[in-house]
Each structure stands twice: as structure tokens, then as C-alpha cells.
Asker: 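Pasting a structure here, questions to come.
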Amino acid sequence: MITGFLSLLCLGLCLGYEVEHKNEKLPKPSLNALPGSVVKRSSNMTLKCQGHFQNVTFMLGKLQDPGYRQEQNSAGYYAEFLLTDLEPKNAGTYFCAYKTMGSQEWSEKSEHLQLEVTDDHDGLGASSTKTDTRIIFITAFSCLAIFLLFPSVFLIYRCFQQDLSKQERASLSLSTEDPQEGACADGNSKEPAEAASVPTEEPPGSCEHATLEV
């Protein structure tokens, strides 16, 4: 009687331990990206899920896609999930979990890993944007320089024209004064010649007075 009671007690304790062990959550694994979480388009990468037990089944999931799921059995402590020919649509938030052979429930999910897939055209677009910005800046600066140059040239031209008009007026005034002075000089030179050419008139009766004396 006592022996049967002890047997039932041991059986109940064992079953309770197994149930408690099954309900206990496995510690969460870690998820790493190799060579990194940012990759170029059409390249390959590996997501490594590291657990705490051997002989387990690892699972890789994607937060944005509930239907995405990869499973892999491993005799070691980790599993590697190879992702090939990546496209921008493959970018997103990934996580992993595992379960042991005797457990039917998955462990806690790992920390989320953000995967980024870059496009080469994005780099070309950034460089072309920088080039366009430089061209716009150079064009604006050139237009501003030309805009400021025209008033400067116009002012220099006006000043030059004013100086030239002053010189022309001065030369014109000199040219109008010279003929008058020459005419005056010619008139003065002709007066002595005319005076020399005119014969001196003798007073009347001078000749008769001379004959009478003889």
C-alpha cells in the first residue's frame, strides 16, 4: 500500500516537472548579419542565429512579412541563413528563434535586425544632384557678375564720353579764335605798306616859291 502510494507520488512529481519544463520559455538567441546589415543590390549576405543548446531547430522570420519563414536543423549552437541576390524588397526587420527536440514551442525571439539594401543608382543620383547644385551656383554667380559688369562699363563709357566732349569743345574754341588773331596781324602789317606806297603831297605854291628864289 505504501509502496504504491510512493510510486504514484513519484510519477506525479515527474509529470509535473516535465509540464513545468515544457512551459518554461527558452532564452532568446542572438541574430547577426555577415558581413554587415547594409549591403548593395544583387549581393549576398548571411544571417547567423546563435542559440544556447545543441541539436535544435532554428527559425528565421521577417517582421513585415508574417508568411516569411525559414527553418534549419543544427547539431551545433547556431545556424546560418544565406540570402542571395538581394533586392530592395528584401530589406526589412528580421528575427530568429529556436526550439529543442523535446520542446514544441519556440524560444523567445531575438533582437530585431534591420537589413538595408542600397541601390547603386542612389549613389549616382546623389553625385548628380551635387553636380547640378554646383552648376546652378556657378550659373547664378556668373549672371550676377555680368549684371554688375554692365553698369560699370556704362559708367566708364559715360565718363569717357564726357571727357571727350570737353576736349572737343576746347579744341573747337581754339580753332575759332586763331583766324581772328591772324586777320588782325595781317591788317596791322598792311597799314605800313599802304602808308609807304601813298606819295606825299606837297603844299600848293611850293614849286613857284622855288623858282622865284632862283
Side-chain angles (χ1 to χ4, degrees), residues 10-149:
C10 291
L11 180 61
L13 291 174
C14 291
L15 291 174
Y17 176 78
E18 289 183 359
V19 171
E20 183 180 0
H21 183 69
K22 287 183 179 180
N23 293 331
E24 183 181 358
K25 281 286 187 181
L26 297 172
K28 65 181 179 181
S30 60
L31 183 62
N32 299 313
L34 303 175
S37 59
V38 180
V39 295
K40 293 182 179 180
R41 186 176 186 175
S42 301
S43 61
N44 303 331
M45 71 171 304
T46 300
L47 295 179
K48 181 179 179 180
C49 186
Q50 180 79 40
H52 301 275
F53 302 98
Q54 292 180 324
N55 299 320
V56 297
T57 301
F58 289 94
M59 179 267 295
L60 179 67
K62 188 176 182 181
L63 191 62
Q64 291 82 2
D65 186 4
Y68 180 87
R69 184 168 179 171
Q70 293 189 41
E71 294 186 8
Q72 186 179 139
N73 296 325
S74 174
Y77 290 94
Y78 66 89
E80 293 182 347
F81 297 91
L82 179 63
L83 305 181
T84 61
D85 197 17
L86 291 172
E87 296 291 335
K89 64 180 181 180
N90 300 123
T93 305
Y94 289 82
F95 62 88
C96 72
Y98 69 95
K99 64 180 180 179
T100 60
M101 301 298 292
S103 176
Q104 299 300 324
E105 294 184 2
W106 293 100
S107 66
E108 295 184 28
K109 295 179 181 179
S110 66
E111 297 292 337
H112 293 165
L113 176 67
Q114 184 66 33
L115 174 62
E116 297 182 13
V117 180
T118 61
D119 195 345
D120 293 339
H121 296 292
D122 294 340
L124 295 175
S127 61
S128 63
T129 302
K130 292 180 179 179
T131 304
D132 293 341
T133 305
R134 291 178 182 176
I135 292 174
I136 293 172
F137 176 77
I138 293 173
T139 304
F141 181 78
S142 301
C143 293
L144 180 61
I146 294 171
F147 179 76
L148 296 176
L149 182 62

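Treat the numbers as computed from the prediction; the structure is a model and nothing was measured. The residues of the chain are indexed from 1 along the displayed sequence. The basis for the numbers below is simple: all heavy atoms, side chains too, and nothing from hydrogens, waters or symmetry mates.
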Asker: How long is the straight-line distance from CZ of Phe95 back to CG of Leu63, given to the nearest 0.5 Å?
Answerer: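 Between Leu63 CG and Phe95 CZ, I get 6.5 Å after rounding to 0.5 Å.
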Asker: Can you measure from CG (Leu82) to CD (Gln70) and round to the nearest 0.5 angstrom?
Answerer: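 The CG atom of Leu82 sits 9.0 Å away from the CD atom of Gln70.
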Asker: Could you tell me the separation between the CG atom of Asp65 and the OH atom of Tyr94, rounded to the nearest 0.5 Å?
Answerer: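 Reported value, rounded in 0.5 Å steps: 8.5 Å.
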Asker: Please test Gln50 against Lys48 for side-chain contact (heavy atoms from CB on, under 4.5 Å), starting from the C-alpha separation and ending with a verdict.
Answerer: CA-CA 6 Å; Gln50 180 79 40; Lys48 181 179 179 180; 3.7 Å; yes
Asker: Pick out which of Lys62, Gln64, His112 makes a side chain to side chain donor-acceptor pair (under 3.5 Å) with Thr93.
Answerer: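 For Thr93, the side chain to side chain donor-acceptor pair (under 3.5 Å) test succeeds with only one of Lys62, Gln64, His112, which is Gln64.
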Asker: Please answer whether the main-chain N or O of Ser37 pairs with a side-chain N or O of Gln114 as donor and acceptor at a distance below 3.5 Å.
Answerer: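 The answer is no, because no donor-acceptor pair under 3.5 Å joins these two groups.
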Asker: Is it the case that the side chain of Asn44 and the backbone of Asp85 share a donor-acceptor pair, with hydrogens and angles ignored and the cut-off at 3.5 Å?
Answerer: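 Yes, Asn44 side chain to Asp85 backbone: donor-acceptor pair under 3.5 Å.
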Asker: Hey, does the side chain of Ser110 reach the backbone of Pro29 with a donor-acceptor pair shorter than 3.5 angstrom?
Answerer: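 Checking the backbone N and O of Pro29 against the side chain of Ser110, no donor-acceptor pair under 3.5 Å is found.
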Asker: Between Lys28 and Trp106, does the side-chain contact (heavy atoms from CB on, under 4.5 Å) criterion hold? Intermediate values first, please.
Answerer: CA-CA 9 Å; Lys28 65 181 179 181; Trp106 293 100; over 6 Å; no
Asker: Go through Phe81 and Phe58 one step at a time and tell me if the ring-ring contact (aromatic ring centres under 6.0 Å, His included) criterion holds.
Answerer: CA-CA 10 Å; Phe81 297 91; Phe58 289 94; 7.4 Å; no
Asker: With no hydrogens and no angle check, is any side-chain donor or acceptor of Ser107 less than 3.5 Å from a backbone partner on Lys99?
Answerer: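 Not a single qualifying donor-acceptor pair exists.
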Asker: For Ala33 versus Leu113, what's the shortest heavy-atom pair and its separation?
Answerer: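 Result for this residue pair: CB-CD2, 3.7 Å.
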Asker: As a quick check of understanding, evaluate side-chain contact (heavy atoms from CB on, under 4.5 Å) for Tyr77 and Gln54, giving each step before the final call.
Answerer: CA-CA 5 Å; Tyr77 290 94; Gln54 292 180 324; 3.2 Å; yes
Asker: Any side-chain heavy-atom pair from Arg41 and Glu87 closer than 4.5 angstrom?
Answerer: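 Contact flag for Arg41/Glu87 side chains = yes.
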Asker: Would you give the length of the straight line joining atom OG1 of Thr133 to atom CD1 of Ile138, rounded to the nearest 0.5 angstrom?
Answerer: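 The distance works out to 11.0 Å.
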Asker: Counting heavy atoms not belonging to Glu111, are there more than 12 under 6.0 Å from its CD?
Answerer: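 No, the 6.0 Å shell around CD holds no more than 12 heavy atoms from other groups.
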Asker: Is any side-chain heavy atom of Phe53 less than 4.5 Å from a side-chain heavy atom of Pro27?
Answerer: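 Yes, their side chains come closer than 4.5 Å.
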Asker: With rounding to the nearest 0.5 angstrom, report the OH to CD distance, Tyr98 to Glu108.
Answerer: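 Result: 9.0 Å between the selected atoms.
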Asker: In the structure I gave you, are the side-chain heavy atoms of Leu83 and Asn90 within less than 4.5 Å of one another anywhere?
Answerer: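 Not touching, per the 4.5 Å side-chain cut-off.
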Asker: Do you know the tightest heavy-atom contact between Ser30 and Cys96?
Answerer: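 Shortest heavy-atom contact: O-SG, 4.0 Å.
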Asker: Nearest 0.5 Å please: distance from the SG atom of Cys49 over to the CG atom of Asn32.
Answerer: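 So the gap between those two atoms works out to 9.0 Å.
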Asker: Leu47 versus Met45: any side-chain heavy-atom pair under 4.5 Å?
Answerer: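 A side-chain contact exists here, since the closest heavy-atom pair is under 4.5 Å.
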